Structure formats: structure tokens, C-alpha cells
Amino acid sequence: MSTLDELWSAFRRDINAMPMFLADMAPHLQDLLAESEGASLESLFSRANRTEGTLLEALAWLWARTLRAPVSVARVDALDVAEGEVRLIPSGLQVANGVLNRGILVVAGDVEVGGEFGDGDVGSAAVVAGSLRCRLANVQGVLRVGGVLDAAQLVFANNDPEPLVAREGLRAPLTLLQLGRSLDVKVTDGLVVEDEVTPSQVLRLRALLPAAVFHDIDLEEEDDDVSIPLDEVLDVEALYASAEEGTLVSPSR
């Protein structure tokens with residue numbers, strides 16, 4: 001695992017190669033390193049997570065520059081990161097079942113999850129240097145993906161004031177943003193809805209999702225200037241349960 005000296009070496013050597021979207025963090029990253037003499041890597045990431053997600057992402061980028069040789073992909077049945085824990089994975093990651101991240105998770109490569117990629121709540125944070133592929137992404141804390149976020153069923157994001165970041169794009173049949181959550185993505189492939197929807201969005205949802213996840217609502221008198229609370233249209237618990245089972249969206253939709 002890298003040391004603080006190796007992070008300093010990488011900073012001096014590679015700072016000019018830092019991506020433009022992280023460049024503003026260079027002075028803050030330098031300050032973080034200068035204030036952390038003798039600190040462990042885990043402590044460094046914990047400190048970065050107290051400010052903003054961009055600094056955490058910048059530190060993850062710098063850490064990845066210190067990794068010398070590619071490490072074979074880590075393969076596990078399930079991954080549970082405890083509250084207060086910092087888990088650094090210097091490779092790609094394949095998880096047969098699900099991920100529950102209640103702490104800080106940083107992965108230097110791609111992540112593939114057979115089930116749900118979820119977090120505990122606001123305060124948790126995950127940075128994936130590559131792409132993230134899963135059945136369902138349930139995001140309440142920080143999530144920053146350097147590649148594409150690809151969810152086969154659903155992306156559900158709420159609570160955290162930080163945007164959900166996917167640098168190379170978001171691909172999911174349905175993305176649900178609630179409680180003011182926003183997106184910072186290059187491109188979006190799929191339907192994105194927030195706390196309120198228009199009648200035309202309801203029709204698109206009906207074409208995409210099974211009838212069992214809908215409440216009974218009459219759109220005959222509605223025009224598209226009307227906003228309808230999403231929880232009057234969808235049974236969010238049934239929606240989530242169906243996504244967990246992999247039955248929310250069929251491959252043919």
C-alpha cells in the first residue's frame with residue numbers, strides 16, 4: 001500500500017496530468033498532504049471526506065498514480081464496509097452478490113456487482129476510478145465514478161447535497177432523484193425523474209415498468225404543465241423490491 005511519501009512523489013510528478021475537472025483541487029490536495037505528516041492513508045481519506053466529494057476524488061486519483069503494477073481483480077461474494085471504516089482496493093473489484101458501504105470505499109479499477117451497490121446514509125462515500133456496473137444502485141452518500149455508471153434496473157439517489165457523479169455517463173432504464181439530489185454526468189441513457197413528474201413522464205414510466213409498482217391515477221384531465229408528486233404515481237417500496245429481484249425492467253424493454 002502507498003505511503004505519504006509516495007503520494008508526495010506522485011503529486012510532484014503528475015500534478016500537471018490531473019484531469020481538468022479535478023484541477024481546482026490541486027492546492028487543497030497539497031494542503032491536505034502537508035497537514036497529514038505521519039498520518040495513515042485511511043486517515044488521509046477520512047480527512048478528505050470531511051470537506052467535499054471532489055477532494056476525495058482527487059485524492060483517489062493521486063493514490064491510483066502511486067500503484068506500481070496492475071493487481072489482479074479482487075473477487076468476493078459480498079462486500080460490507082462498516083461505518084467509520086476506510087477500504088482501499090488497489091485493483092478492480094467483482095462482487096457476486098451485493099455491496100453495502102457505510103464508510104469510505106475507494107476502488108482503483110472497475111467494479112462489477114451482481115446485485116445491489118448501496119450505501120448506509122449521508123456521510124458514506126465511494127470513489128470508483130473506472131466504471132461501475134450493478135443491478136441496482138442505491139445512493140444516499142457520495143458516489144463518484146470515473147467511467148460509466150451502468151445499472152441494469154434502477155439508480156435511486158437521495159439525501160446527500162452532493163451530486164451523483166459519473167464522469168463518462170449514466171446508463172440505467174430509470175434514475176430516481178429525490179430530496180434535491182442532482183446529477184453530474186457526461187451523458188444520460190434512460191429516463192430520469194425527480195420528486196414530481198409530468199403526465200408525459202407518467203406515460204413513459206407506464207411503458208417502462210410493470211403495473212404492480214403504480215398507484216391508481218387518472219391522467220385524463222391533466223395537461224403537461226401539471227406536476228404530480230412521484231409518490232402519488234409510484235409505490236416506491238414496490239419499485240425498489242422489484243429492482244432488487246431484477247424484475248423491474250425486463251431485458252426487452
Side-chain angles (χ1 to χ4, degrees), residues 21 53 57 98-101 105 110-122 124-128 130-215 224 227-253:
F21 54 78
E57 186 180 5
V99 172
L100 176 57
N101 173 38
L105 173 64
D110 295 329
V111 175
E112 294 186 14
V113 182
E116 177 181 349
F117 184 96
D119 58 28
D121 207 338
V122 174
S124 62
V127 180
V128 177
S131 292
L132 167 60
R133 179 178 297 174
C134 57
R135 176 186 295 169
L136 160 67
N138 179 15
V139 184
Q140 298 181 66
V142 171
L143 176 60
R144 289 177 171 257
V145 179
V148 175
L149 171 55
D150 187 343
Q153 294 283 310
L154 172 70
V155 173
F156 182 80
N158 64 5
N159 284 351
D160 201 283
E162 289 255 345
L164 189 158
V165 177
R167 296 295 181 188
E168 294 299 322
L170 168 64
R171 185 161 54 241
L174 176 62
T175 298
L176 216 58
L177 302 173
Q178 294 193 304
L179 302 176
R181 195 68 186 258
S182 61
L183 288 177
D184 181 356
V185 300
K186 188 175 183 179
V187 292
T188 302
D189 181 359
L191 179 60
V192 179
V193 297
E194 300 183 25
D195 291 296
E196 296 184 332
V197 291
T198 63
S200 63
Q201 286 179 314
V202 175
L203 293 176
R204 291 182 65 188
L205 287 167
R206 284 178 172 172
L208 178 68
L209 305 175
V213 303
F214 288 91
H215 295 303
D224 219 41
S227 293
I228 308 167
L230 186 67
D231 59 9
E232 293 182 9
V233 176
L234 291 175
D235 181 337
V236 176
E237 288 188 7
L239 180 89
Y240 185 80
S242 182
E244 279 189 306
E245 296 168 357
T247 60
L248 183 64
V249 180
S250 68
S252 62
R253 288 182 183 269

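Model, not experiment: these values are computed from the prediction.
- Between the side chain of Q153 and the backbone N or O of L248 there is at least one donor-acceptor pair closer than 3.5 Å.
- Separating the CG atom in L179 from the CD atom in E194 is a distance of 11.0 Å, to the nearest 0.5 Å.
- Shown are R171, R167, K186; of these, the side-chain contact (heavy atoms from CB on, under 4.5 Å) with V148 is made only by R171.
- Minimum heavy-atom separation, L164 to V185: O-CG1, 4.2 Å.
- Of all heavy-atom pairs between S131 and V145, the closest is CA-CG1, 4.1 Å.
- The side-chain heavy atoms of R204 and V193, taken from C-beta on, include no pair separated by under 4.5 Å.
- In this structure, L203 CG and L208 CG are separated by 12.5 Å, a value rounded to the nearest 0.5 Å.
- F21 has its side chain out of reach of D184: every pair of non-hydrogen atoms, C-beta onward, lies at least 4.5 Å apart.
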**OP:** Could you please spell out the steps behind the side-chain contact (heavy atoms from CB on, under 4.5 Å) verdict for F156 and V139?
**Re:** CA-CA 6 Å; F156 182 80; V139 184; over 6 Å; no
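- Smallest separation of non-hydrogen atoms from E196 and S227: OE1-CB, 3.5 Å.
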**OP:** List the steps, then state whether side-chain contact (heavy atoms from CB on, under 4.5 Å) holds for E244 with E116.
**Re:** CA-CA 7 Å; E244 279 189 306; E116 177 181 349; 3.4 Å; yes
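- L149 and A166 get closest at one heavy-atom pair: CB-CB, 4.0 Å.
- L209 CG to D235 CG: the interatomic distance, rounded to the nearest 0.5 Å, is 12.0 Å.
- Between L239 and L174 the shortest heavy-atom distance is CD1-CD2, 4.2 Å.
- No option in V111, D110, V99 other than V111 meets the side-chain contact (heavy atoms from CB on, under 4.5 Å) test with L132.
- Going from atom OG1 of T175 over to atom CG of L154 covers 7.5 Å, rounded to the nearest 0.5 Å.
- For N101 (side chain) and D119 (main-chain N/O), no donor-acceptor pair under 3.5 Å exists by modelled atom type.
- Judged by distance alone, with hydrogens and angles left aside, the side-chain atoms of Q201 form a donor-acceptor pair with the main-chain N or O of T198 at under 3.5 Å.
- Although no hydrogens or angles enter the test, the distance criterion places a donor-acceptor pair under 3.5 Å between the side chain of R181 and the main chain of N158.
- Minimum interatomic distance between A212 and A238 (heavy atoms only, all atoms of both residues): O-CB, 4.3 Å.
- With a 6.0 Å radius and a threshold of 12 heavy atoms from other residues, nucleotides or ligands, R133 has its CZ atom at or below the threshold.
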